[in-house]
Number of protein chains: 2
Amino acid sequence: MSEDLSDKPTQKDDGVGPRYARIQRILEARLRDGTYPIGSLMPTEVELSAEFDTSRFTVREALRNLTDSGFVERRQGLGTRVISTQPQVHYSQTFDSLQELFQVAVETYYVVLGSEVIALDKELAGVVGGKVGEVWTRVDGVRWTRPGGRPMAYIQSYVPQAFAHLVPQFQDYKGPFFNLLESNSVVPIDECEQEISAAPMPEAAQRQLGLTPGAIALQLLRRYRTSEGVLITSCNWHPAEQLSYKMRIKRNRGQS
Amino acid sequence: MSEDLSDKPTQKDDGVGPRYARIQRILEARLRDGTYPIGSLMPTEVELSAEFDTSRFTVREALRNLTDSGFVERRQGLGTRVISTQPQVHYSQTFDSLQELFQVAVETYYVVLGSEVIALDKELAGVVGGKVGEVWTRVDGVRWTRPGGRPMAYIQSYVPQAFAHLVPQFQDYKGPFFNLLESNSVVPIDECEQEISAAPMPEAAQRQLGLTPGAIALQLLRRYRTSEGVLITSCNWHPAEQLSYKMRIKRNRGQS
DNA sequence: CAGTGGTCTAGACCACTTC
DNA sequence: AAGTGGTCTAGACCACTGT
């Protein structure tokens with residue numbers, strides 16, 4: 001039942017496709033039925049080569065795919081460890097760039113209202129992702145659809161001291177500020193945390209956006225992180241009627 | 001400057017790491033500087049093997065990584081086509097399951113307040129993702145931390161007619177309803193759309209959640225889709241103070 | 001130290017695309 | 001028919017992990 005593998009490759013093995021694919025399917029079946037339990041080590045490449053009467057190359061190709069599918073992880077000198085017994089279905093939302101994360105900031109205009117150098121207290125440190133006592137600069141501003149147009153959001157940006165010298169460029173910078181900071185940073189942004197909440201519109205924002213008291217805000221807090229720490233944190237208050245945050249999460253791969 | 005490649009492998013090529021990695025870096029540099037323009041075909045495996053005085057295997061490993069990084073696409077019989085000149089950095093948020101998408105619904109209790117069979121008008125059709133005139137069932141309910149505990153959210157669920165027979169099971173079902181429906185569906189959920197917005201708490205929700213007039217809600221609208229259409233749409237109103245939606249978006253691969 | 005996966009060679013045949 | 005990438009062999013040495 002498992003011996004036409006010694007036949008010529010890619011011809012009529014039993015199922016279809018190349019040999020590594022058939023071996024992969026067999027191994028996946030064993031993972032599912034518990035032959036290789038989670039946490040255990042799978043047979044070595046040499047053992048599998050012998051079992052399937054094939055070269056290490058072919059076995060490696062099958063194992064590479066199992067790794068990509070999240071079934072196993074492999075470590076030099078250690079072996080192939082089973083980390084999942086299911087095809088590791090997972091869902092993801094992807095953006096080609098952080099700009100896409102939020103569709104604003106393109107063709108919009110930013111007006112600085114003021115800025116202030118502050119020392120982080122405990123609460124603020126938690127909000128911006130810094131440490132208590134660090135010196136940051138807070139920049140207040142409003143983003144408009146166009147000069148003299150409709151105000152879109154009230155924004156407070158928190159910039160660590162190392163990048164405070166860029167704050168004067170905020171006023172004229174086209175595009176999101178994390179871009180400005182990232183292009184002046186030696187390390188790239190590798191993570192963005194976002195917290196979305198509903199809140200009453202702060203009074204200052206209310207005034208600047210021309211809203212009536214009691215207005216509701218969709219609040220977006222974002223921390224852009226590099227390996228060195230937070231690059232910039234911004235908090236946007238959008239009028240609730242004007243903005244909703246839409247996302248689509250897709251299943252990736254995997255059957256069942 | 002490019003001729004210590006004929007030396008022994010993985011020893012001291014020039015930079016660091018294995019040979020395929022060095023070749024990969026060289027090729028990436030050429031992609032960036034326009035030596036291989038977008039849309040063109042890169043040199044063939046054999047040509048690259050000759051240039052770098054290495055085996056096809058090693059070149060293939062480099063090209064495989066370029067493919068994974070989104071630089072090129074490869075077609076048998078055709079060649080290696082340049083599709084991007086940038087490391088195709090992209091960011092993604094992933095969930096291992098849709099449950100993780102939202103951390104609620106585990107160890108919580110749901111109480112049905114009532115349900116109603118409705119025909120979709122134009123507005124409702126847009127909201128739930130159905131067609132005008134279709135018959136759906138709307139189920140109103142409240143989710144509690146525990147029986148008699150704290151109310152967490154007011155929920156309206158919209159279920160298409162095909163699954164209306166499952167509505168009586170909502171009351172006792174542990175876990176999110178899309179799970180219940182999916183396990184009674186022949187096709188799996190492959191997509192979830194989510195819209196997050198801020199809004200005044202609806203009056204009915206206000207009453208059920210024991211809130212004062214003027215309360216603010218974080219509203220989450222989710223449509224779970226299969227290949228056959230929407231499986232279930234739910235709209236949750238959470239008290240603004242009780243919930244914020246947090247997400248973390250990570251850079252995937254690629255340097256610079 | 002022995003054994004693992006990681007890298008690599010120098011061949012080979014096949015499936016596919018283009019001419 | 002010629003040339004491409006896809007698959008595969010049977011070797012080899014290396015880097016890393018455990019003992």
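As a basis for the values below, the full set of heavy atoms in this structure was taken, side chains included, without hydrogen atoms, waters or symmetry mates. Letters go in sequence order (proteins before strands), and every chain restarts at 1.
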Worksheet item: Rounded to whole angstrom units, what separation is found between the CZ atom of R19(B) and the P atom of dA15(D)?
Response: 14 Å

Worksheet item: Phosphate oxygens OP1/OP2 of dT7(D): is one of them under 4.0 Å from a side-chain N or O of T58(A)?
Response: no

Worksheet item: Rounded to the Å, how far apart are L41(B) CG and dG3(D) P?
Response: 16 Å

Worksheet item: Of Y20(A) and G77(A), whose closest DNA chain D nucleotide lies nearer the 5' terminus?
Response: Y20(A)

Item to complete: Mind calculating the distance between CZ (R81(A)) and C1' (dT4(C)) to the nearest angstrom?
Response: 12 Å

Practice prompt. Mind checking S55(B) for me? I need base, sugar-phosphate or nothing, with any heavy atom below 4.0 Å counting as a touch.
Written response: base

Fill in: cation_pi(R143(B), F177(B)) dist<6.0 Å, angle<=45
yes

Worksheet item: T44(A) has a side chain; which of dC8(D), dT4(C), dG5(D) sits nearest to it?
Response: dT4(C)

Fill in: Touch class at under 4.0 angstrom, heavy-atom based, for R56(B) against every strand present
base

Fill in: Euclidean distance, atom CD of residue E73(A) to atom P of dG5(C) [Å, nearest integer]
13 Å

Worksheet item: Quick one: E61(B) CD to dG6(D) P, roughly how many Å, whole number?
Response: 13 Å

Worksheet item: Can you check side-chain hydrogen bond (donor to acceptor under 3.5 Å, both in side chains) on Y158(A) and R138(A), steps first, answer last?
Response: CA-CA 5 Å; Y158(A) 296 86; R138(A) 191 192 75 224; 4.8 Å; no

Item to complete: Using atom CZ of R75(B) as one end and atom P of dT17(C) as the other, report the distance to the nearest whole Å.
Response: 6 Å

Item to complete: Please check the phosphate of dT4(C) (OP1 and OP2 only) for any side-chain N or O of R74(A) closer than 4.0 Å.
Response: no

Worksheet item: Quick one: R60(B) CZ to dT7(D) P, roughly how many Å, whole number?
Response: 7 Å

Worksheet item: OP1 or OP2 of dT4(C) less than 4.0 angstrom from a side-chain nitrogen or oxygen of T80(A), does that happen here?
Response: no

Practice prompt. Verify the neighbour count for atom CD of Q161(A): are there more than 12 heavy atoms of other residues, nucleotides or ligands below 6.0 Å?
Written response: no

Practice prompt. For L63(B) and for Q76(A), find the nucleotide of DNA chain D with the closest heavy atom, then tell me which residue's nucleotide is more 5'.
Written response: L63(B)

Item to complete: Tell me which of L78(B) and A21(B) sits closer to the 5' end of DNA chain C, going by the nucleotide each one is nearest to.
Response: A21(B)

Worksheet item: In terms of the angle between their ring planes, are Y110(A) and F170(A) parallel, tilted or perpendicular, with boundaries placed at 30° and 60°?
Response: perpendicular

Practice prompt. Give the ring-plane orientation class for F57(A) versus F57(B), where under 30° counts as parallel, over 60° as perpendicular and anything between as tilted.
Written response: perpendicular

Fill in: Nearest-neighbour nucleotide for the E45(A) side chain, dC8(D), dG6(C), dT9(C) considered
dG6(C)

Item to complete: Could you state the atom-to-atom distance from CG of L48(A) to C1' of dT4(C) in whole Å?
Response: 13 Å

